[in-house]
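This report refers to the structure that appears directly beneath it.
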Amino acid sequence: MPLNELSVVDYLNKMNNREISAEQVLKDIFNQIDRIDKTVKSYLYLNKEEALSEAKKIDQKIKNNDIPPLAGLPVAINDNICTGGMETTAASRILKGFIPPYDATVIKRIKDAGGIIIGKTNLDEFAMGISNENSAFQITLNPWDRTRVPGGASGGSAAAVAADETLIALGTDTGGSVRLPASFCGISAIKPTYGRISRYGVIGCASSLEQIGIMGKGIKDLAILMNVISGYDELDSTSSHISTPDFLLSCREGINNLKFGIPKEFFSQDLDRGVKEKVIDSINRISQLGGKIEEVSLPNMEYALPAYSIIAMAEASSNLAKFDGISYGLRIEDSGDLEEMYLKTRGSGFGAEVIRRILLGTYVLTSNHYEDYYLKAQKIRSLIKKDFENVFKKFDLLIGPASPVPPFKLGEKEDEPLAQILAEIYTSPVNMAGLPAISINCGFTEKERLPVGLQIIGPPFQEEKILRVAYNLEQELKEINSVKPDLSF
Amino acid sequence: MGNDTVIGLEIHVQLLTKTKIFCNCSTDYFDQEPNSHTCPVCLGLPGSLPVLNKKAVDFAILTALALNCHINESNIFHRKNYFYPDLPKAYQISQFDRPLAENGFLEIRTEKSAESRNIRINRAHMEEDAGKLIHLERDGKTSSSLVDYNRSGIPLLEIVTEPDIQSSEEAIVFLQTLRSIVQYLGVCDGNLERGSMRCDANISIRNKENGELGTKTELKNMNSFRAIRQALDFEITRQRRLIEQGGKVLQETRRWDESSGKTVFMRSKEEALDYRYFPEPDLLPLFISQSWIESIENNIPELPDERKERFMKDYKLPHYDANRLVEVKPLGDYFERAAKNYNNYKQLANWILGELLCYLGQENIDIDKSPITPVALIELLELIDRGVISGKIAKNIFEEMFKTGQSAALLVEKSGSTQISNKEEIDDIIEKVVRDNCETVQDYISGKEKAIHFLVGQVMRYTKGRAQPDMVLSLLRERIDKT
Ligand SMILES: [Zn+2]
């Protein structure tokens, strides 16, 4: 088996047993990238030389019996997370050529633990989108069906994991941006509780909603990276002081007697029949494993999406204002007039979807409309939080689909601004409440054999329980999940 | 018809924390290499996040308490959104409807009025300072602009008064009192010229007959007490004339133009920006507990009023001297450092408030940078007290000390201006004066007591002032009585 197909668990075992070297694994990864990324287009930037020299250093260390926790593990990073000395664009023309002078906290923690950053992956511009078609630079294809989208916003990371172009990857999740592409690409992804992982170094769009997520081939892989990057960061005021447990340990236990709520709002008419089938199949398996299943209601869910959109756009309009052509990134000036420089730089630096959201976000924050939109949306946000709090009084976890639809065709939803948001109907309420959730592949639609993601949602800081259930389910679904996308092109 | 002037002030006070409000960069930015005190946070680089400096909150609470404000327990930071090159994030982290402090007052007393008055404080809130633009000129036109972010992220406390101020004089006294307080608290150096304290003003005229408040204008760009007074006076007159002539004051922002001595139109109400305030999602709400407030309350240092009382009591200084000495904290400090080893307090105060301030003012030097240290000054004063030099000569010596930084003793010795205390030396001169002024001597002998002063003056002239007048007087009497 080529070493780029390894899981993180297997990688670390083999490294600890001195069966493989970090350099060998990296070479296989870069071979795979060389072979298929012309087509799949997961990566915006490759850190090949530096990664290889880093791998050699780590191999040398290991020879001297100094094995760092991640032992040279190759990690791909969504291009909206700052990597010192490495171009970071958030897939936007306005940041083309921007090289951050510092590492995001997660990058620092991965490096400190002996992980290796192999490159930067594609995404929808400033993480705004559900298909990766909003990237200013390239469109990533779904490795399972190259006529379809990989999902977004963190589609590059999802495709890279699915196509064995990395062992594991980081993405960001504002309203479903790691869970949706994971669902579309048949991999697993966790969005931890808001505050669990430092946001320092994430090119922020919707500060109160977004969290860094981990995208991988298996549940234990996610747990291993969670252990490394979680925990309080003095550089992020919103990061939590809560202690980081050993997430890997949580995968050991069974799920007997856990109570699962099935929100009926997650099985509305928006849900694709093929997706529904697979999700219900997994719910049955959980029940067979000893989980207690009951239908629940989250009554305010129908207001979640518009409220989410208003908050996300309002915050984005402010967060993206700093891209003004003054001290970094793109600047277009030909008249020497400041106002004109602003207009031209921002007008041509941002793509259509980003401009649409900045305009709407600006509108809802103007003093005339603040109360009608932003303030109302915040009130709905409180109601949604309350809904979740209420059900978690009785249930350990909630289960439902991650996406209402399987991956759609390229270009299919390009002209439907609303569809961009509708795909996040089951994932964005989780961000509104700051909860942890996972998406795990639970099979393939009968008709088109497209991946389907199951979403497991937990109360704040209960990632252990989520991982535990996901791992048990993963073992049940082993056979189904042993299929790989056909990459023999 | 006596219409009233109505003035409200908005004062930005830079807080003297060691580091900036949301990052660890040093706040010691003045006269430093541009952009040398910056980091991803205060440069607003993508991905950077603010972390609140608790010391800035301490300073803000301390100031608000000294202004008799109510401190709000639950504080929220808001984003104030607008585009300008000196604002790296294109929003300023500030406070909006949940400011740190509200409902305070500051007692002021102008020189004219016998009674003191309270100026109410509407609110005081925390925010971050912006960077600074430097415009390069070619052929009298701006050719390019540079931006220095060293000042970006310096903590500010914005203090907003109610429109209680009735004249430019009151405004100045309010600002002087406030400056004095922040200096005493150690939260700000209060330097208007450097911008560590900045003041905008809202001005309107109230119709005395119907009590109606006129439209207000906002005044900006006043960088000294002098500018503030001139700008306010100009604007008050402008509005009064406009009203008298049946015109209308328009709601607008005006800028003080130092060179023309006028306030000029900047922007109208319609052009005012919508700042799209909303809660800063990158910061958690700030809760200020009662115990936090108490711990600061218990450590409020001596304030100017208390110090004035103490100066009057401990040093037996008159109210005027004490008041002037305590107004600028470093001046009071200077006095106290000197008074530690010198107890002719009134003489000390006279010299500090007279000669020292005069020379410092001429050279525009701050008291804490005075070339004459407290120790050096008392050395000079002791020479006077011991009769080594006269007060008149001391003034010359003082000037030399100020210019050269040399000690009084050294300069006195160099100039040979030590008083003649040698009796024989003076006797010779007295002998000569008595001989040359027979008539005057006769006048004195015949009872014209005053005549002797003329003789003393003559002796002093011959000694070039180096004799001690008392000694000359008694020696003269002795000499004449002998005849
Ligand atoms: Zn800084």
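Below, chain A is the first sequence line, B the second, and so on; all start at residue 1.
- Distance OH/B:Tyr84 to CD1/A:Ile326: 9.5 Å, rounded to 0.5 Å.
- Looking at A:Leu338, only its side chain comes within 4.5 Å of chain B, counting heavy atoms on both sides.
- Among all heavy-atom pairs drawn from A:Tyr370 and B:Tyr277, the shortest one is CE1-O, 3.3 Å.
- For A:Ser327, the part sitting under 4.5 Å from any heavy atom of chain B is the side chain, from C-beta outward, and nothing else.
- B:Asp282 touches chain A through backbone and side chain together, each having a heavy atom under 4.5 Å away.
- The nearest pair of heavy atoms linking A:Leu95 to B:Pro46 is CD2-CG, 4.3 Å.
- Every ring pair (Phe, Tyr, Trp, His ring centres under 6.0 Å) that A:Phe323 has, sequence neighbours left out, goes to A:Phe126.
- For a residue to count as touching a neighbouring chain, one of its non-hydrogen atoms must lie under 4.5 Å from one of that chain's; by this rule A:Tyr200 touches chain B with backbone and side chain alike.
- For A:Tyr373, the OH atom sits in a loose shell: 12 or fewer heavy atoms of surrounding residues, nucleotides or ligands are nearer than 6.0 Å.
- If you measure heavy-atom distances from A:Asn80 to chain B, you find no contacts under 4.5 Å at all.
- You'll find the side chain of B:Leu45 reaches within 4.5 Å of the side chain of A:Pro101, heavy atoms only.
- When the shell of 6.0 Å around NZ of B:Lys216 is examined, it contains 12 or fewer heavy atoms from other residues, nucleotides or ligands.
- Of all heavy-atom pairs spanning A:Asp236 and B:Val51, the tightest one is N-CG2, 4.3 Å.
- The contact between B:Tyr149 and chain A is made entirely by side chain atoms (from C-beta outward), counting heavy-atom distances below 4.5 Å.
- The shortest non-hydrogen separation linking B:Arg79 to A:Ser207 is NH2-OG, 3.8 Å.
- Proximity to chain B (any heavy atom under 4.5 Å) is shown, for A:Ile81, by neither the backbone nor the side chain.
- Considering only heavy-atom pairs separated by less than 4.5 Å from chain B, the leading option among A:Ser208, A:Ser317, A:Ala321, A:Ala104 is A:Ala321.
- The environment of CD in A:Glu371 is sparse: at most 12 heavy-atom neighbours from other residues, nucleotides or ligands sit within 6.0 Å.
- Under the 3.5 Å distance criterion, the side-chain polar atoms of B:Asp274 are matched with a main-chain donor or acceptor of A:Ser367.
- Residue contact with chain B, scored on non-hydrogen atoms closer than 4.5 Å, is absent for A:Glu339.
- Both the backbone and the side chain of B:Phe278 have a heavy atom closer than 4.5 Å to some heavy atom of chain A.
- Side-chain contact between A:Ser237 and B:Phe22: absent, with no pair of heavy atoms (C-beta onward) separated by less than 4.5 Å.
- Taking each heavy atom of A:Tyr328 and B:Gly44 in turn, the nearest pair found is OH-O, 2.9 Å.
- Of the two parts of A:Leu365, the backbone and the side chain both hold a non-hydrogen atom closer than 4.5 Å to a non-hydrogen atom of chain B.
- Only the backbone of B:Pro88 has a heavy atom closer than 4.5 Å to any heavy atom of chain A.
- Residues B:Leu49 and A:Leu235 share a closest heavy-atom pair of CB-O, 3.6 Å.
- B:Cys39 is not listed as a side-chain neighbour of A:Tyr102, based on a closest heavy-atom distance of 4.5 Å or more.
- Remark: A:Lys344 NZ is packed, more than 12 non-hydrogen atoms of other residues, nucleotides or ligands lying under 6.0 Å away.
- Considering only heavy atoms from C-beta on, B:Arg276 comes within 4.5 Å of A:Thr362 through its side chain.
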